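Below is one structure, written out as structure tokens; comments come after it.
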Amino acid sequence: MASRNKKRAAAGLLVTAAAAAIFIMIVLGNFRWLILTNPDTGAEYGRFPVRVGSSFSVTFIHSVNKYPLTDYYEIRRDGIYVTKTKYANFGAGVQTELDEGESLSYDASDGSMIVSGFNRRMDRLIYIVGTVSDHTLTIGGRREISLRGLCGRNAKVLFTSRKLTGD
């Protein structure tokens, strides 16, 4: 009986410590919301918990180039930063020259081009969801969300990041 009580006490202490750790991380600002809204009306489409330093991407078929393109972003304490873009083919509407600090590499798995080194804060990150093809939001490389399903065709979507607390 005493052994069972010790196990319960240890489990209770572990749960309390975990709750305290999560509370401290929230208070210190390590967790944020990735918020998707309509920039014209302010209506919220959705919000997703993310950590400072985590990444997300948006993949779509480029309307002019007609090939898949993925833009990659990182959540930082002071906002959302574009870090790289990946595309399958050169053509109208995609980057053809590198700016200072940027580099071009190739994905060994599919041969697509990756331009990286942007490190640019995106104060007004807006996408218009496709009518012919979907835009897919991928959070942390795992969770995929159809923006067409979440927001609708032709929807304008503003991406912002805010602390979990104080909203």
Side-chain angles (χ1 to χ4, degrees), residues 18-63 65-89 93-95 102-167:
I22 290 170
F23 177 76
I24 289 169
M25 283 191 257
I26 290 171
V27 169
L28 293 177
N30 288 333
F31 287 93
R32 304 185 68 78
W33 289 113
L34 176 62
I35 304 171
L36 283 58
T37 58
N38 180 311
D40 298 327
T41 67
E44 187 174 302
Y45 295 122
R47 61 176 53 207
F48 308 94
V50 291
R51 294 179 72 121
V52 169
S54 67
S55 62
F56 70 93
S57 63
V58 177
T59 301
F60 58 96
I61 302 296
H62 193 278
S63 61
N65 183 289
K66 304 295 184 198
Y67 285 94
L69 185 143
T70 303
D71 292 320
Y72 294 86
Y73 302 92
E74 183 179 313
I75 301 292
R76 298 186 187 165
R77 289 191 191 283
D78 64 337
I80 297 171
Y81 284 73
V82 61
T83 58
K84 63 184 175 182
T85 190
K86 177 180 177 179
Y87 47 96
N89 203 358
V94 298
Q95 185 172 354
E102 296 174 354
S103 63
L104 172 66
S105 61
Y106 295 90
D107 187 321
S109 67
D110 62 10
S112 60
M113 295 163 273
I114 301 169
V115 178
S116 59
F118 296 123
N119 196 33
R120 194 172 308 135
R121 192 167 89 188
M122 303 299 293
D123 292 325
R124 296 266 312 155
L125 176 58
I126 298 176
Y127 281 91
I128 299 176
V129 178
T131 56
V132 176
S133 68
D134 198 358
H135 282 61
T136 302
L137 168 63
T138 304
I139 299 173
R142 293 182 306 271
R143 184 174 181 189
E144 292 189 358
I145 299 147
S146 161
L147 292 185
R148 184 187 287 172
L150 182 67
C151 311
R153 292 174 187 248
N154 278 335
K156 286 184 185 176
V157 183
L158 171 66
F159 289 71
T160 57
S161 173
R162 288 191 212 123
K163 287 183 183 180
L164 282 178
T165 56
D167 283 34

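Quick caveat: nothing in here was measured; it's all calculated off a predicted structure. The first residue of the sequence shown is numbered 1, and numbering continues consecutively from there.
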Taking it one step at a time, do Arg124 and Leu158 satisfy side chain to side chain contact (heavy atoms under 4.5 Å, CB included)? CA-CA 7 Å; Arg124 296 266 312 155; Leu158 171 66; 3.9 Å; yes
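Of the candidates Val50, Leu34, Asp123, Leu34 is the only one forming a side-chain contact (heavy atoms from CB on, under 4.5 Å) with Ile80.
Between Thr37 and Glu44, the shortest heavy-atom distance links the atoms CG2-CA, 3.9 Å. Ala88 and Ser112 get closest at one heavy-atom pair: CA-CB, 4.1 Å. Tyr73 approaches Met122 most closely through the heavy-atom pair CE2-CG, 4.2 Å. His135 and Tyr127 make their closest contact through CD2-CD2, 3.8 Å (heavy atoms, listed as atom of the first residue, atom of the second, distance). For Lys156 against Ile128, the heavy-atom pair with the smallest separation is CG-CG1, 4.0 Å. Between Met113 and Tyr106, the shortest heavy-atom distance links the atoms CG-CE2, 3.3 Å.
Here CG of Leu164 is found 10.0 Å from CG of Asn30. Values are rounded to the nearest 0.5 Å. In this structure, Tyr45 OH and Ile35 CD1 are separated by 14.5 Å, a value rounded to the nearest 0.5 Å. Note that the OG1 atom of Thr83 and the CG atom of Asp71 stand 9.0 Å from one another [nearest 0.5 Å]. Distance check: Ile114 CD1 to Ser105 OG gives 4.5 Å after rounding to the nearest 0.5 Å. Annotation: the span from Lys163 atom NZ to Arg77 atom CZ amounts to 8.0 Å, rounded to 0.5 Å. Atom OG of Ser54 and atom CZ of Phe31 lie 9.5 Å apart (nearest 0.5 Å).
Judged as a ring-ring contact (aromatic ring centres under 6.0 Å, His included), and not counting sequence neighbours, Tyr72 has no contacts.
In this structure, Thr136 contributes its side chain and Leu147 its backbone to no donor-acceptor pair below 3.5 Å.
Side-chain contact between Val129 and Phe60 is absent, with no heavy-atom pair separated by less than 4.5 Å. Contact of the Leu137 side chain with the Leu36 side chain is registered, since non-hydrogen atoms from C-beta on lie closer than 4.5 Å. The shortest side-chain heavy-atom distance between Arg121 and Arg76 does not fall under the 4.5 Å cut-off.
Residue pairs meeting the side chain to side chain donor-acceptor pair (under 3.5 Å) criterion with at least one partner in residues 140-155, sequence neighbours excluded, are Asp134-Ser146.
A centroid separation of less than 6.0 Å is found between the aromatic rings of Phe56 and Phe159.
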